[in-house]
Amino acid sequence: MNVHINFKTSILIMFLLAAYNIYAVSKDPYSGSRIFWDTDSELTLFPSGNYARIIQLQDGRIMAAAESGGGISVCYSSNYGKTWTSPELIVRQQSLIPYAVPDLIQLTDGTILVGFNPRPSSPYSENRKFGIRTMISHDNGKNWEGPIFIFDAQYISDNGCWEPSFLELPSGELHCYFANENDFTSSNEQCISMCRSFDKGKTWSDPVRISFRPGSRDGMPVPIITDNGEIAVIIEDNGWPGYSGFRATTVRCPLSDNWNSVIGADSPNRNIIFANTNDKKYKSAAPYLRKLQSGETIASWQGDYGDRKGVGESQYDMFVAVGDKDAKNFKAISAPFNLSLSQHSLWNSIAVVGDGSVIALGSIGDPNTGNAIKMIKGYPKTYFEADFGTPVLDGSASGDTWTYKNAQQVFMGNVTKNKTTADFLYDNKYLYFTARVIDRDIYTDKVDNDGIFLSLDLENACDTYPQKGMFQFFLDVNGNVTMKYGDNNNWHDADNTKDITYIVNTKSFYYDMEIAIPWKLLGYETAPVQNQMRVNLEIRNRKDGAVEKEIIPETLAKQSWSWMEFRLNKTESGIQTPLSDNQNIIAYTEHGTLNIKSNTDISGISVYASNGALLHQTQSYGNSYQIPLSYSGNGILKIKLANGNTVSKKILFP
C-alpha cells in the first residue's frame, strides 16, 4: 500500500514539475516595429470637419485634405507637421450636395489629384446623384481644375457610392477604388469597385468589381502596393462568421493580375488583418492602410478596442497596428490620441512622411458637438540603442551628448498623459539611462510612487518567465532604486545596489532621472557589445487613490521575448565602427567639404576625428548634405537613417 502511494505521489510530483516547466518556455524574439507617439506633437489642422487625409509631396511639403469649410479644403506643412498653413477651399459643395471623404495622391509626373464623394441630402431628387469626382492640379496645388467626373451611382443613399481612394501602378495606370451600392437592390449589400485612368486622371473607365461578400457591405477601401508586388486593399467587412459588426480586412491580388477576378467571401485573398485572435473580437471600422519606409505596413481604424469594448460608434477611438511586409499579421496596437470615454476619434487616417515618422489624423470631438481634425506624430522603432559615451550624472540630460538629440530616443506618455522621453548610453564600466517625465502630480511618499521600471535581458533568454541574465530596476522618483534578478522563473530581490549611481531631479511639474548601472553588477567585466539583448520600459503613474502603468505595445512584464531589441553600438577608441555598409550612401571630401548623398532619408549626421573628438553634428532631414570641415586625417562618419537604422563609414580628410 505504501509503495503504491509513494508511486502515485512520485507520478503526481513528476506531473506537477512537468506542468510547471511548461510555463517557462524560450520563444522566438518579437519582431516588427512598434510606434511611440509624441504627445507634444498633437495639434489642430482643421477647426471643424471630417475625413482628413495626408500625403507628402515631391517638393517635401506635407499636404492635408479634409471635408471642411463648406467643401473640400487643404493645408500644407513645410516642416514635417510642426506648423501648418491656414485651410483653403479648393472646391465648394453645391446646394444640398455635401462633398465628403477626400483622398489625395501625387502622381509620378507631379500631378496632384484630390478625389471626393458628392453625397446628396434628402429630400432626394433624380438630378442630384451620389458620385465620385476629382480635382486636379498641375502646379503643386496653386491652381485647381475640375471637378472631373469618375463615376455616378443613383440619387438615393440605398444605391449610392462612397469613399474614393487612389493608387498609381508602376505602369502609370491610375486606379480609383470606392464602395459601391449602385448594383444592388438590397441596401444590405455593397461591393468594392474600381475605375481606371490611363491619362493621369483626366478620363476614367467604367467600374470593375474587385470584392464582394453576398449579403454584406464591403466598404471604405484604401490600397497600397506591397514590397512583394501585391495590390493590397484594406476594407471594412461586416460579414465574417462569428463576429458582429465590421472587421478590418484586406483583399488582394498580384500586381500582374490587376483584378482579373473578384475576391469573394471564401477567397484565400480575403483576411482579417490581426495576428492575434483576441484582437479580432473588437470592432474595427473605417480602416486605412499605409507602408513604412522599412516595407512593413501600418493600419488604422475606429473601434471599441480595450476598455471601450461594447461602446457604440459615438465613443470609438482611433487605433493603429503594425503589419508585416505583406500587409498581414497586424499587432502592437496603440491608440495615438488615447481619448477619454467621453470623446471619440472617427474617420481616421495615417501617413508616413520623409523623416520616417507616422502622422495620425482623427476627427476628434464628443457625441454632442462637432469634430476638430487633429494630428499626432509617432515614431516606429524595432529596437533601442546606446552609443558609446560617458555623461555627467547630475540628474539632467541637458549638456550631455546622448544617443539621440535631447535624449529623446523613446517617446511614451499618451496613456498616462505624462509625456515621457528616455535615452541610453554606455561605456566600458556602466550602462546609462536617462528619462524626463512631465507630471503635475508627483508622488514621492507613497507605497507605489511614480517612477520607471527598466528591465534588461542581457543574454537574450527570450523566456516567458525571468531567467538568469535578466534584471529589473525600479527607479523611484523619491531617489531610491530597487533591483531584481531573474532565476528559475522568478524575480529575486538583490541587495547589492550600492555601486549604482542614481540621481533624480524633481521639479513642480516634471522629474528628470539619470542612472549608471555597473556592468560588473550585471555579471560582466566590460560592456557585452557582442551579446544579443532586449530591454523593456514601463511607466508607473500614481494618481489619487489609483496607480496606472503605461507599457510599450505588445510587451509583457516578465516575458523578455516580447521586449524591445537592445543594441550597444560597437566602438573603436570610443567611435562607432561600421555596423553595415550601404552602397546607396556616398560620402567623399572635396576642397575642404564633406559631401554626403543618399537615396534614403537621413535624420542625423555626426562626424568624429580619429581621437573621438566630435567635429560636426546635425539633426535634420534630407538626402544631400555639404559640410565644410577644416580637418586633416582619418575620421568616422556616423549616419542615422530616418528608418531608424545606423550606418558608419571611415573617412579620410585630405
Side-chain angles (χ1 to χ4, degrees), residues 34-43 306-307 317 334-343 364 374 376-379 381 384 391 393-400 402-425 432-455 472-483 500-517 535-553 555 557 564:
R34 304 177 233 217
I35 300 179
F36 296 81
W37 300 100
D38 177 8
T39 56
D40 273 0
S41 66
E42 183 177 329
L43 52 82
D307 62 0
D317 200 357
S334 60
F337 300 101
N338 201 64
L339 301 171
S340 67
L341 288 174
S342 64
Q343 288 189 298
I364 295 177
K374 297 186 178 183
I376 190 171
K377 293 187 72 171
Y379 296 88
K381 299 187 75 68
F384 295 158
L393 296 181
D394 55 5
S396 173
S398 178
D400 294 314
W402 286 79
T403 302
Y404 278 57
K405 183 180 180 181
N406 299 325
Q408 294 184 343
Q409 179 174 173
V410 184
F411 290 96
M412 297 179 71
N414 69 328
V415 173
T416 63
K417 301 306 178 186
N418 294 335
K419 178 180 178 179
T420 301
T421 55
D423 205 354
F424 299 88
L425 273 177
Y432 303 99
F433 173 77
T434 186
R436 166 171 284 192
V437 180
I438 308 299
D439 189 348
R440 298 188 179 276
D441 295 300
I442 301 173
Y443 288 87
T444 62
D445 58 350
K446 303 292 183 181
V447 175
D448 297 315
N449 285 330
D450 295 323
I452 295 178
F453 289 92
L454 168 65
S455 301
Q472 184 185 82
F473 300 86
F474 180 65
L475 313 181
D476 198 316
V477 75
N478 66 9
N480 294 324
V481 57
T482 58
M483 174 182 173
I500 295 175
T501 301
Y502 176 50
I503 301 173
V504 179
N505 184 11
T506 303
K507 301 296 184 181
S508 59
F509 63 92
Y510 71 90
Y511 58 90
D512 289 337
M513 59 174 60
E514 289 185 313
I515 188 171
I517 304 170
V535 67
N536 193 31
L537 297 175
E538 187 175 288
I539 314 302
R540 187 164 78 187
N541 181 48
R542 177 65 184 259
K543 292 185 173 181
D544 188 18
V547 176
E548 63 182 357
K549 291 183 179 180
E550 178 167 344
I551 66 172
I552 295 170
T555 57
M564 298 287 293

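Checked for salt-bridge contact, R436 and D512 meet the test: a charged N lies under 4.0 Å from a carboxylate O. By the 4.0 Å N-to-carboxylate-O rule, K419 lies close enough to D38 to be salt-bridged with it.
Of the possible donor and acceptor atoms, one in the side chain of T420 sits under 3.5 Å from a partner among the backbone N and O of N418. Between the side chain of R34 and the main chain of K381, no donor-acceptor pair closer than 3.5 Å is present. Side chain of N541 to backbone of E548: no donor-acceptor contact under 3.5 angstrom is found. Side chain of E550 to main chain of V415: a donor-acceptor pair is present (N/O by atom type, distance under 3.5 Å, no hydrogens or angles). Counting only distance, with no hydrogens or angles, the side chain of E514 and the backbone of Y432 share no donor-acceptor pair below 3.5 Å.
Listed here is the closest heavy atom pair of Q409 and D423: NE2-OD1, 2.6 Å. L425 approaches P391 most closely through the heavy-atom pair CD1-CD, 3.9 Å. A557 approaches N536 most closely through the heavy-atom pair CA-ND2, 4.4 Å. Of all the heavy atoms in A435 and I452, the pair that sits closest is CB-CD1, 3.5 Å. Residues P336 and S334 approach most closely at CD-O, 3.6 Å, considering heavy atoms.
With contacts defined as side-chain heavy-atom distances shorter than 4.5 Å, the pair Y511/T444 does not qualify. Within the 4.5 Å cutoff, the side chain of N478 has no heavy atoms near those of the D445 side chain. Annotation: side chain of T421 is not in contact with side chain of V410 (no heavy-atom distance under 4.5 Å). By the 4.5 Å heavy-atom criterion applied to side chains, Q343 and F337 are not counted as neighbours. A 4.5 Å side-chain heavy-atom check between D394 and I503 finds every atom pair outside the cut-off. Between K543 and D441, every side-chain heavy-atom pair lies at or beyond the 4.5 Å cut-off. Within the 4.5 Å cutoff, the side chain of V547 has no heavy atoms near those of the Y443 side chain.
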* Step-by-step side-chain contact (heavy atoms from CB on, under 4.5 Å) determination, R540 to F474 -> CA-CA 9 Å; R540 187 164 78 187; F474 180 65; 3.0 Å; yes
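No more than 12 heavy-atom neighbours from other residues, nucleotides or ligands sit within 6.0 angstrom of CG on D544.
Among the candidates D439, V437, I442, the single residue satisfying the side chain to side chain contact (heavy atoms under 4.5 Å, CB included) test with V477 is I442.
Atom CD of E42 and atom CD1 of I376 lie 5.0 Å apart (nearest 0.5 Å). With rounding to the nearest 0.5 Å, the separation of CG in L475 from CG in N449 is 12.5 Å. A distance of 12.0 Å separates CG of L537 from CD1 of I551, quoted to the nearest 0.5 Å. L43 contributes atom CG, which lies 9.5 Å from atom NZ of K374 (distance to the nearest 0.5 angstrom). Between atom CZ of residue F433 and atom CZ of residue F424 there is a gap of 5.5 Å, rounded to the nearest 0.5 Å. Separation of atoms CG (D476) and CZ (F453) is listed at 9.0 Å; rounding is to 0.5 Å.
Counted by atom type alone, T434 and W402 present zero donor-acceptor pairs between their side chains at under 3.5 Å. Judged by distance alone, the side chains of N414 and N338 never bring a donor and an acceptor atom under 3.5 Å apart.
Two rings, from F384 and F36, have their centers less than 6.0 Å apart.
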